[in-house]
Structures are given as C-alpha cells and as structure tokens.
Amino acid sequence: MAQYSLVAGSVGLITLQNPPVNALSAVVRKGIVSTFERALRDPKVKSVVICGQNGVFCGGADIKEFGTNMSGPPLVPMIHAIEAADKPVVAAIEGSALGGGLELALGCHYRIAHSNARLGLPEVSLGLLPAAGGTQRLPRLIGIPAALDLITTGRHVTAAEALQLGIVDQVTDHKIVDEAVKFVLSVAGKPLDARRISTYPCPPLSDLDTVFEMVMQKVRQRAHGAIAPIACVQAVQAAATLPYAQGMEREKELMATLFTSGQARSMQYCFFAQRAVSKWSIPSGARWDTSMPRPVHKAAVIGLGTMGRGITVALAQTGLSVVAVETQEKQLMEAKQAMPGMLERGARRRGVSLTLHKITYSRDIRAVADVDLVIEAVFEDMALKKKVFQQLSDICKPGTFLCTNTSGLDVDHLASQTCNPELVVGMHFFAPAHVMKLLEVVYGPRSSPQAVATAMQLGKKMGKVSVAVGNCRGFVGNRMLKPYVEQAFFLLEEGATPEQVDGALEEFGFSMGVFKVSDLSGLDVGWRVRMADGFAEPGASSGPSARVRQGRRYSPLGDLLCEQGRFGQKTGQGWYQYDKPGGRVARSDPWLHSFLAEYRTRHGLVARRIDNQEVLERCLYALINEGFRILEDGIAAGPEDIDLIYVFGYGWPRHRGGPMFYAGMVGLTKVLQRLEHYHQAHPDVPFMQPCSLLRRLVASGSPPVHRWREVIKKVHSQL
Ligand SMILES: CCCCCCC/C=C/C(=O)SCCNC(=O)CCNC(=O)[C@H](O)C(C)(C)COP(=O)(O)OP(=O)(O)OC[C@H]1O[C@@H](n2cnc3c(N)ncnc32)[C@H](O)[C@@H]1OP(=O)(O)O
C-alpha cells in the first residue's frame with residue numbers, strides 16, 4: 001500500500017509500504033494512484049514527495065506478479081500522471097531505486113538521493129526491459145551512450161555516480177525525507193515544463209547509425225543468445241529516433257515479446273532460486289535460520305597456486321586479515337608479485353580502496369596459529385592434503401574452522417585427519433576465485449551446523465553465491481561434468497569435431513564449449529582425476545581394450561592428448577592450437593583432425609554425420625540425468641541448488657535457467673524418452689540410463705520444478 005500524510009503544512013508525503021523492498025505490487029500501485037489524486041485535489045497541498053518505508057525507495061515491479069494475471073492500475077499511465085501534474089513532485093531515494101522504482105522516480109520532477117542509494121534498471125537480468133518508460137526517459141535525461149550502458153547491463157550505480165550522470169539532482173547524507181521536503185519547498189512555484197523528461201529531446205549524437213550498429217554487435221556477442229539485451233538496444237534506438245509517444249509504443253511492443261518468453265521465465269526463476277539457496281538446510285536438520293555462524297576476522301590460505309591466490313585476494317577484498325602461506329620459495333615470490341596487481345584491478349573495478357595491507361605472507365604453516373578459519377588450497381592430492389590437515393589440527397587455536405578447496409576429494413576423509421572433524425567443511429571456489437561468483441560449501445557427515453553456517457556466511461560476505469552441497473566425488477558441479485565431458489569424447493569418436501561440439505554448445509548459450517573450457521583449465525586436470533579413479537592408465541590408451549574400462553565404454557582420447565604433452569592453452573596445444581604457450585585464441589588444428597581420423601581407423605570406428613541436436617541432447621541430457629541422481633542421493637537439496645551451480649560456476653546460460661529448470665522447459669517426458677533412446681543405442685554407457693527419480697517425476701505427471709521437492713521427499717522416505 002501507500003501511506004499518505006501532510007507535512008510542513010503544504011507537502012503531500014506518499015510513503016510506499018510493501019516490505020521488504022516496497023515492490024510495486026497491485027496494491028501499492030493502487031495506493032500511489034489514490035494518494036496522488038488526493039494530493040492533487042487538496043488545495044492545501046502545493047507539492048508532493050514520494051518515498052519508501054524502512055530505508056528503501058522501491059525494488060521495482062513485483063516480480064512475483066509476473067507469472068500471474070496482473071490486475072490493478074498499470075505503471076505507465078500512473079507515471080505519466082505524476083509527470084503531468086502541475087504540483088512539483090520529488091522522489092526521495094534511499095536504499096534501492098531499481099527497475100520500476102527508478103522509472104517511477106524518472107516520472108517525478110526532481111530526484112534526491114541519500115548517499116547510500118543504489119539506482120539501476122536491472123530488468124535485462126530478468127529477461128525484460130524497463131517498460132515503464134525507462135528506455136525512453138533515461139536516454140533523454142543522461143544521453144544515449146550512458147543509458148545504453150545502464151539498460152543493457154542492468155548494473156546498479158551509486159548515488160555519487162547517479163549525480164555525476166545526471167540521474168539525480170542532489171545527494172545528501174541527511175534524513176532523506178527531511179531533505180526532500182526542504183527541497184520541494186524551495187522549488188515551489190517554479191515552472192515545471194522543463195522538468196518533464198518525456199518532453200526532452202534525446203541529446204544529439206553524431207553518426208547515430210554507426211553507434212547503434214557497434215553497440216548492437218557488442219551486445220549480441222555478450223548476450224550468447226539472450227534476447228532481452230537486444231530488445232533493450234532496440235528500445236533505446238526508438239528513443240533516439242522517434243518522438244516520445246511512438247518510442248513508448250515501441251517499448252511496449254518489445255516488452256510484449258519478452259514478457260511471455262521462456263527466457264524471461266528462466267531468468268526470473270534464477271532470481272528467486274538465488275534467494276532460495278541462501279535459505280539452506282541439510283539432512284542433519286541444520287538450517288540457515290537456526291544455525292548461528294561464528295564471526296571470522298582473520299583467515300588463512302594454505303598454498304598460493306592459482307586457486308590460493310584468488311581465494312586470498314577475495315578474502316582481502318572482503319576486508320579480512322589474511323595469512324597467506326606457501327612453503328615453496330619460488331611459488332611464494334611469484335604470488336607476492338602477482339597478487340598486488342589482482343587486488344589493484346579488483347579495487348579499480350569495484351571503485352573501492354586497496355586492501356594490500358590485509359595480507360601477510362609466510363613460508364611457515366605455524367603462522368596460522370591464531371586465525372579463525374583456514375582454507376587449504378594445496379595441490380589436488382589426497383596424501384598432501386591429509387598431511388596439511390593433520391598439521392592444521394595441531395597448530396590452530398581451538399575452534400578454528402578448517403576448510404578445503406578440493407574440487408572433488410572426500411571432505412570427510414580429510415576431516416578424519418583432525419581432532420575436531422565437526423570444524424571441517426569444503427569451500428570449493430571456482431577459478432579465478434576472486435572473480436567467479438560460485439562457492440560450493442561442502443558438508444560432511446560430521447560437519448557441525450555452525451561450520452556450515454560460517455562458511456555460507458563468509459561466502460556471502462565475499463559476494464559469492466554460496467550453495468550447500470553434500471560430500472561425494474566431484475560434489476555437484478564436477479560430478480555432473482563427468483557424463484557431459486564423456487559424451488563429448490564419444491561424439492568425437494563417432495565423427496564429430498571439437499569445433500562442431502563447441503559450436504553447438506556455444507549456440508545453445510554457453511560462453512565456451514566443452515573443449516575450449518578443457519583447453520583453458522588444462523587437459524591434465526581431468527587426466528589426473530581419471531587416473532585417480534582407475535580409468536586412465538599409462539600405456540593402456542592404445543591397446544585393444546583401450547575403449548572399455550571397468551566394464552563400460554571409455555574414451556581414452558583425452559589421455560592420449562595428455563600423453564603427447566598437449567595440455568591445452570598452457571602448452572599451446574590441446575583440442576585446438578594456440579599461437580604460443582599461454583595463448584588465448586583457439587584455432588582449428590589440422591593435426592587434431594588427422595589424429596582423430598587415425599584413431600577411428602585404428603579402432604574400427606566409422607565416422608558418421610552427427611547433427612547439432614544430437615550433440616546437445618547427448619551432452620546436456622547426460623549432465624541433467626546425473627543432476628537427477630544427485631537429487632535422488634540428497635547431495636543437493638533441490639533443483640535450484642544445481643541450477644545456480646551451473647549458471648554461476650559452469651557458464652550455463654542464465655536465460656536457460658540452469659540444467660534442471662531447462663529439463664522442465666523441454667519436458668521431462670521428452671528428456672526421459674531421449675535418454676532411453678540413447679541408452680538403448682549405447683547400453684555400455686551407464687550415465688545414459690535414466691535415473692529413477694526422473695522416471696518418478698514423469699510418472700507423477702511432470703510437476704513444475706518448484707514442486708519436485710515433494711516427489712524427492714517421497715523417494716527419500718521410501719529409501
Ligand atoms: C506488462 C507489464 C509491464 C510491467 C512494467 C515493468 C517495468 C518494470 C519492471 C521491473 O521493475 S522488474 C523488477 C526490477 N527490480 C529488480 O530486479 C530488483 C530485484 N531485487 C533486488 O535486486 C534486491 O532484492 C534488492 C532490492 C537490491 C534488495 O536486496 P537484498 O539483498 O536486501 O534483499 P533480497 O534478499 O534480494 O530480497 C529480499 C526479499 O525481497 C524479494 N524481492 C526483491 N525484489 C523484489 C521485487 N522486485 N519483486 C518481488 N520481490 C522482490 C526477494 O525475493 C526476497 O524475498 P524472500 O526471499 O525474502 O522471500
């Protein structure tokens with residue numbers, strides 16, 4: 001709702017009230033319309049201030065309403081009425097003014113922001129565009145380039161930047177409503193014509209066509225198939241080229257296409273999933289709202305390879321004191337040289353001050369004696385990690401949380417090396433750890449609720465999307481990657497090329513295909529895992545049994561490349577070739593193509609034409625099938641957890657909602673049928689055997705993704 005009061009004798013104060021973020025629900029819109037009409041009618045009222053309760057102006061349209069039959073007064077005419085009013089209206093902005101919230105403020109004649117305010121038009125990240133006049137008013141107010149930047153990226157700006165851009169008229173540190181009232185009294189009686197943004201011409205820009213062509217090209221490249229950013233550019237182009245009324249028509253038309261699209265549904269699902277996973281619960285019964293985290297003031301990182309450096313930087317950026325330990329002199333020196341640059345770039349990107357002084361370096365592991373939490377990030381080798389955990393258990397003060405950054409080893413086994421296994425959890429970061437948003441928090445059977453809560457909270461503080469997952473080989477993300485990569489290898493054996501497989505996946509929306517990712521992260525990473533799992537064996541890659549291991553189909557292609565020293569970008573050769581070791585630009589490699597042809601001949605395989613649909617179905621459905629197994633095993637609490645892991649950690653396109661949501665969009669029956677088909681064709685590939693949870697869901701009428709937990713619960717209760 002919206003509360004109305006008369007203040008300072010002549011100012012109508014409208015306060016939006018819809019906790020927690022004053023979203024513009026039907027009731028709020030109704031409240032604004034009726035209170036505004038009242039203010040206009042009241043002869044005592046000479047001006048109006050619009051604010052939000054509880055330190056938040058407005059979080060925008062109510063996203064929960066989007067999937068429903070929307071009722072209540074629409075936003076566009078409501079904002080027009082405010083702009084057209086003959087009494088001055090000031091938006092008093094504190095906290096957030098986002099989406100429809102900022103569009104409402106743009107309809108006001110003046111905007112005053114508290115210095116804590118954050119403003120933005122983030123609709124693009126919900127698969128939409130700012131369709132309450134945002135695409136038409138913002139370019140008129142701040143110019144086309146700045147508006148394009150804000151609308152196509154959805155980024156939030158601080159009050160200071162908003163002032164610099166001209167979005168707000170004044171920034172204050174004082175009480176926002178008091179300042180707004182003072183301000184509106186000072187402008188009483190001044191003509192309002194020049195304050196109605198819809199009447200402004202768009203600031204002229206030379207060579208408009210070229211600007212839009214270039215922006216469109218850039219946006220298309222970044223969008224990976226998402227349609228909303230493209231529509232945003234088109235809407236701003238309308239603002240630049242059409243009169244306001246026609247521009248509004250174009251905005252409405254473009255929004256109509258987006259509003260009902262599967263992409264918008266997927267992205268809005270991701271928005272709510274992100275909030276849902278922060279409300280974690282684990283099988284022991286521990287939950288986010290009953291488990292108290294312990295404060296972490298000082299942390300340590302053991303091992304300063306790529307991961308350790310990233311984690312150290314991420315911790316220091318959060319404001320924690322960090323002890324960075326590396327026992328090897330050369331590695332320590334390299335880290336000391338590299339990390340200031342990483343911190344500098346991060347500080348510049350985020351507009352904050354440098355935190356170099358937060359890090360102290362040591363070669364001696366005993367330097368961690370007084371820290372609250374340690375993150376071990378040594379080489380992925382169980383024997384080495386066990387030794388480190390034994391040492392940490394002896395050295396650290398009582399109560400120190402011991403975390404491992406392993407990407408898939410048994411967290412419980414590490415916990416058993418310590419005197420207090422309840423203090424041990426996994427904190428699995430993704431490279432580069434100071435940039436990537438995902439954190440898997442891995443609980444073992446003995447991890448205490450407080451240890452899980454502390455790791456989850458620390459992740460949040462570090463700006464990560466933290467997802468609590470159970471302990472199994474590869475946890476959630478890497479476990480699902482295995483069948484996906486396996487299918488990619490099989491496709492090469494059967495006639496595809498890395499270019500074709502990657503092309504199909506990139507067209508689907510992944511920023512990089514599986515083979516480019518493999519080249520980037522290093523082929524040796526998977527090779528080591530396959531060796532540890534007893535699949536890859538030196539010399540076994542070319543014998544008659546090369547393609548069958550442990551009774552199942554196996555492709556030694558990755559092993560063969562590693563045996564040749566082709567580890568990807570770092571060696572300049574992998575699935576592609578690079579101009580030099582460390583090169584970034586993947587080029588097709590004729591050697592690889594002859595190698596594949598020779599390999600097929602050697603193993604009596606006849607290359608066939610494989611279409612992109614088969615590439616996608618085999619790679620993605622194998623991965624999704626493993627996702628269902630993970631749900632069945634209780635390793636992930638719900639489909640949202642898996643989806644966010646893939647969106648934030650593995651480049652799954654957000655506009656496709658994550659693998660489990662995507663399965664629901666495709667139709668569970670279809671996914672099941674295709675898995676059955678591929679399993680019949682490849683009975684020696686266990687990953688293709690449809691998971692029984694998938695069968696149960698189909699048998700239960702394929703409920704929507706938010707109802708899967710009910711079926712999962714039933715499966716668990718029967719086990
Ligand atoms: C044909 C129709 C035409 C319609 C015209 C459409 C034009 C306008 C479109 C829009 O405005 S779309 C919405 C744009 N706004 C956003 O994208 C903002 C989304 N919210 C946020 O970014 C954050 O929530 C926040 C405002 C920065 C606050 O962050 P904070 O960390 O403090 O809280 P959260 O945990 O994120 O949220 C708390 C709580 O509130 C719910 N929520 C937040 N925003 C909305 C919203 N716009 N609508 C509905 N609900 C919202 C959020 O889900 C959380 O709920 P719970 O998890 O506590 O249940």
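Basis for what follows: all heavy atoms, side chains included, without hydrogens, waters or symmetry-related copies. Numbers here are sequence positions counted from 1.
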Handout entry: Nearest-0.5 Å distance that lies between atom OG in Ser511 and atom CZ in Arg222
Key = 13.5 Å

Exercise for the section: Quick one: pull up CE in Met480 and CD1 in Ile645 and give me the separation to the nearest 0.5 Å. Expected result: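 Here the interatomic distance stands at 8.5 Å.
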
Completion exercise
Sorted by chain and number, sequence neighbours left out, side chain to side chain donor-acceptor pair (under 3.5 Å) with Ser447 holds for none

Practice task
Spell out, as yes or no, whether a donor-acceptor pair under 3.5 Å connects the side chain of Arg294 to the backbone of Gly399.
Solution key: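 The answer is yes, because a donor-acceptor pair under 3.5 Å joins these two groups.
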
Handout entry: Under 3.5 Å: donor-acceptor pair, side chain of Arg111, backbone of Ile167
Key = yes

Exercise for the section: Check the angle between the aromatic planes of His428 and Phe430 and answer parallel, tilted or perpendicular using the 30° and 60° thresholds. Expected result: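 Because their plane-to-plane angle lies in the 30° to 60° range, the rings of His428 and Phe430 count as tilted.
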
Exercise for the section: Show the numbers, then the answer: is there a side chain to side chain contact (heavy atoms under 4.5 Å, CB included) between His156 and Ser96? Expected result: CA-CA 9 Å; His156 302 179; Ser96 300; over 6 Å; no

Handout entry: Distance under 6.0 Å and angle within 45° of ring axis: Arg275 vs Phe271
Key =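 Verdict for Phe271: a cation-pi partner in Arg275.
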
Salt bridge check: are [X] and [Y] linked by an N-O gap of less than 4.0 Å?
| X | Y | value |
| --- | --- | --- |
| Arg155 | Asp149 | yes |
| Lys713 | Glu710 | no |
| Glu640 | Arg709 | yes |
| Glu626 | Arg629 | yes |
| Lys279 | Asp289 | no |

Exercise for the section: Would you sort out whether Cys51 and Leu16 count as a side chain to side chain contact (heavy atoms under 4.5 Å, CB included), showing the intermediate values? Expected result: CA-CA 6 Å; Cys51 67; Leu16 313 187; over 6 Å; no

If we count only N and O atoms by modelled type, under 3.5 Å, do the side chains of [X] and [Y] hold a donor and an acceptor together?
| X | Y | answer |
| --- | --- | --- |
| Asp643 | Tyr662 | no |
| Gln450 | Ser291 | no |
| Tyr443 | Asp412 | no |

Please examine the side chains of [Y] and [X], heavy atoms only from C-beta on, and report whether any two atoms are closer than 4.5 Å.
| X | Y | answer |
| --- | --- | --- |
| Arg473 | Lys482 | no |
| Glu376 | Asn405 | no |
| Val452 | Met456 | yes |
| Thr404 | Met427 | no |
| His434 | Met462 | no |
| Leu138 | Ile151 | yes |
| Leu458 | Leu315 | yes |

Practice task
Kindly state whether the ring of Trp652 and the ring of Phe508 have centres lying under 6.0 angstrom apart.
Solution key: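 Between Phe508 and Trp652, which both carry aromatic rings, the centre distance is below 6.0 Å.
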
Exercise for the section: Please confirm whether Phe661 and Trp708 have ring centers closer than 6.0 angstrom. Expected result: no

Practice task
Using a cut-off of 6.0 Å, state whether more than 12 heavy atoms not belonging to Arg265 lie near its atom CZ.
Solution key: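 It does not: Arg265 CZ has 12 such atoms or fewer within range.
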
Exercise for the section: May I ask you to check whether over 12 heavy atoms, not counting those of His174, lie within 6.0 Å of atom NE2? Expected result: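 No, because the 6.0 Å sphere around NE2 of His174 holds 12 heavy atoms or fewer from other groups.
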
Exercise for the section: In sequence, state the C-alpha distance, the side-chain angles, and the governing distance for Glu380 and Ser407, and then conclude on side-chain hydrogen bond (donor to acceptor under 3.5 Å, both in side chains). Expected result: CA-CA 8 Å; Glu380 193 72 352; Ser407 58; 3.2 Å; yes

Handout entry: Residue of the set Val425, Val424, Thr406, Val469 for which side-chain contact (heavy atoms from CB on, under 4.5 Å) holds with Val442
Key = Val469

